[in-house]
Undergrad: 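One structure is given below, represented as structure tokens, and several questions about it will come after.
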Amino acid sequence: MEEKLSIITEEELKQMSIEEIADIKVETENMIHRLNDIIDMCNEALNS
Amino acid sequence: MDLEKLNTSYEIAKRNLESKKRIIENKEKDIKEKIDDITIAQGQKVVAQRQNDVSKLKELEKEIELKKQQIEKFKKSIEEIKEEVEMFQERIDKVVEEIKENPEMKQHIEQVLAKRYTRDIRDINKNKKEIERKIEEEKKKREETEKKIESIETIQKMIKEHPSMKNHLQGMLNANHRIKIANDKLTKLDSIKDKSEIDKIKESIKEEEKRLNKNKDAILLYASKKKLKITKEILEDIMKNSVVDKKTNSVKIRRYIKKY
């Protein structure tokens with residue numbers, strides 16, 4: 001079953017190592033870029 | 001299995017991110033399919049417009065509208081995921097800012113992040129180079145095929161207009177085919193017991209090679225005189241990939257040409 005990312009609390013994030021935090025931060029940023037690209041692709045198709 | 005490791009917050013976050021990635025991949029695939037469907041329907045619409053096919057036009061417009069509605073739904077769910085990921089990102093950024101309040105930690109996290117970003121850029125560049133290499137490879141292959149087709153068309157024209165050239169080509173292919181058969185036979189013979197048979201076959205191979213080269217040279221000479229795009233390589237390719245008629249045991253030129 002799909003779990004929400006929100007189950008990871010701020011406190012839990014604070015307990016992570018610097019490397020772990022950095023890894024998750026970059027991965028999350030990349031995911032947002034990808035989601036934006038997909039939304040752009042949808043908009044282009046909807047306006048065609 | 002290290003259950004403790006699997007259940008750290010980091011592992012849970014990574015698992016959740018992976019599961020999101022898979023969901024995004026599937027949705028992206030579905031969206032791309034719908035976009036392709038729209039592109040096809042739009043092409044068909046142009047044809048229907050030219051043919052004044054009003055009912056087909058209406059049908060296609062309806063289809064496009066339906067696909068757009070489906071894309072709209074996918075877009076909405078992508079936006080929902082984005083919202084969730086952005087909220088998580090805000091939480092991470094808040095923690096990162098707190099870490100940066102400590103000057104030593106600030107330097108450390110900035111170094112780690114810089115390293116990670118560089119790695120990502122390196123991966124992107126690597127992928128880019130790989131894609132460029134594949135495109136170049138495909139382009140080269142396509143150019144080679146185009147050249148081949150052009151040469152085959154020239155050969156086709158040549159054998160149609162000049163029966164003597166057809167005879168040379170057929171002679172070359174038959175000689176090549178007989179060499180192949182003779183070489184196959186040689187592999188099955190015993191070098192001591194079948195010595196005389198081997199010598200006989202080797203002699204026949206020499207004769208066939210002479211025949212093959214004589215015919216090949218005649219074609220190349222003619223091509224060079226008439227400035228035709230027929231190369232030694234294309235003749236070698238025809239010999240390598242020629243089709244043999246099992247009934248008559250002869251090589252069929254036209255069947256090779258048909259393959260292209």
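Side chains included, hydrogens not; waters and symmetry mates left out as well; all remaining heavy atoms used. Reminder, nothing fancy here: chain letters follow the sequence lines and each chain counts from 1.
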Undergrad: Is it the backbone or the side chain of A:I38 that comes under 4.5 Å from a heavy atom of chain B, or both, or neither?
TA: side chain

Undergrad: Can you give me every donor-acceptor pair (side chain of residues 61-72 of chain B, partner residue at least two apart or in another chain, under 3.5 Å) with its distance?
TA:
from  : atom 1 : to    : atom 2 : distance (Å)
B:K67 : NZ     : B:D37 : OD2    : 3.3
B:K68 : NZ     : A:L46 : O      : 3.4
B:K68 : NZ     : A:S48 : O      : 2.6

Undergrad: Is it true that, when you exclude A:E44 itself, more than 12 heavy atoms of the residues, nucleotides or ligands shown sit nearer than 6.0 Å to its CD?
TA: no

Undergrad: Would you mind reporting whether A:E10 and B:E98 have side-chain heavy atoms less than 4.5 Å apart?
TA: yes

Undergrad: In plain terms, say whether A:E20 and B:K14 are close enough for a salt bridge, that is, a side-chain N and a carboxylate O under 4.0 Å apart.
TA: no

Undergrad: Mark yes when over 12 heavy atoms from residues, nucleotides or ligands other than B:E161 sit less than 6.0 Å from its CD; otherwise mark no.
TA: yes

Undergrad: Using non-hydrogen atoms and a 4.5 Å limit, figure out which bit of B:I35 sits close to chain A: side chain, backbone, both or neither.
TA: side chain

Undergrad: Tell me, yes or no, whether the heavy-atom count around B:K100 atom NZ, taken from other residues, nucleotides or ligands under 6.0 Å, exceeds 12.
TA: yes

Undergrad: For B:I31, is it the side chain, the backbone, both or neither that has a heavy atom under 4.5 Å from a heavy atom of chain A?
TA: side chain

Undergrad: Nearest 0.5 Å please: distance from the CG atom of A:L13 over to the CD1 atom of B:I92.
TA: 6.0 Å

Undergrad: Could you measure the distance from the CZ atom of B:R91 to the CD1 atom of A:I24? Nearest 0.5 Å is fine.
TA: 12.0 Å

Undergrad: Out of B:D93, B:V96, B:I38, which one racks up the most heavy-atom pairs below 4.5 Å with chain A?
TA: B:D93

Undergrad: Report the option among B:Q42, B:K27, B:M87 that has the most heavy-atom pairs separated by less than 4.5 Å from atoms of chain A.
TA: B:Q42

Undergrad: Should we say atom CD of B:E83 is surrounded by more than 12 heavy atoms from elsewhere, each under 6.0 Å from it?
TA: no

Undergrad: For B:R22, enumerate each residue passing the side-chain contact (heavy atoms from CB on, under 4.5 Å) test, keeping only those at least two apart in sequence or located in another chain.
TA: B:E18, B:S19

Undergrad: Around B:E236, counting heavy atoms of other residues, nucleotides and ligands shown, do more than 12 lie under 6.0 Å from its CD?
TA: yes

Undergrad: Got more than 12 heavy atoms from elsewhere within 6.0 Å of CZ, B:R133?
TA: yes

Undergrad: Please assess A:K4 against B:N16 for the test side-chain contact (heavy atoms from CB on, under 4.5 Å), listing each intermediate value before the final yes or no.
TA: CA-CA 7 Å; A:K4 293 272 175 196; B:N16 288 0; over 6 Å; no

Undergrad: Could you tell me whether B:R116 and A:E19 have a side-chain N and a carboxylate O separated by less than 4.0 Å?
TA: no

Undergrad: Can you tell me how far SG of A:C42 sits from CD of B:E28, rounded to the nearest 0.5 angstrom?
TA: 9.5 Å

Undergrad: Which bit of A:M41 comes within less than 4.5 Å of chain B, counting heavy atoms only: side chain, backbone, both or neither?
TA: both

Undergrad: Given the rule in the side-chain contact (heavy atoms from CB on, under 4.5 Å) test, do A:K14 and B:K94 qualify, once you have shown the distances and angles that lead to the verdict?
TA: CA-CA 10 Å; A:K14 279 179 192 170; B:K94 202 176 161 201; over 6 Å; no

Undergrad: Within residues 117-125 of chain B, which residues come under 4.5 Å of chain A, heavy atom to heavy atom?
TA: B:Y117, B:D120

Undergrad: As an exercise: rank A:D23, A:T9, A:I7 by heavy-atom pairs under 4.5 Å with chain B and give me the winner.
TA: A:D23

Undergrad: Distance check, rounded to the nearest 0.5 Å: B:K20 atom NZ versus A:L35 atom CG?
TA: 10.0 Å

Undergrad: Looking only at non-hydrogen atoms, find the nearest pair between A:T28 and B:V85 and report the distance.
TA: CG2-CG1, 3.3 Å

Undergrad: Pick one of side chain, backbone, both or neither for B:I99, based on which atoms fall under 4.5 Å of a heavy atom in chain A.
TA: side chain

Undergrad: Supply the atom-to-atom distance A:K25 NZ to B:L113 CG, rounded to the nearest 0.5 angstrom.
TA: 6.5 Å

Undergrad: Checking A:E29 against chain B: side chain, backbone, both or neither under 4.5 Å from a heavy atom?
TA: both

Undergrad: Locate the shortest heavy-atom distance separating A:S6 from B:E84; write the atom from each residue and the value.
TA: N-OE2, 4.5 Å

Undergrad: How many angstroms lie between atom OG1 of B:T8 and atom CD of A:E12, to the nearest 0.5 angstrom?
TA: 9.5 Å

Undergrad: List for me each residue that meets side-chain contact (heavy atoms from CB on, under 4.5 Å) alongside B:K73, sequence neighbours excluded, and say none if there are none.
TA: none

Undergrad: How far apart are the C-alpha atoms of B:K82 and A:N36, what are their side-chain angles, what is the distance that settles it, and do they pass the side chain to side chain donor-acceptor pair (under 3.5 Å) test?
TA: CA-CA 8 Å; B:K82 189 186 159 195; A:N36 281 334; 2.8 Å; yes

Undergrad: Any idea which heavy atoms bring B:A13 and A:L5 closest together, and the distance?
TA: O-CD2, 4.4 Å

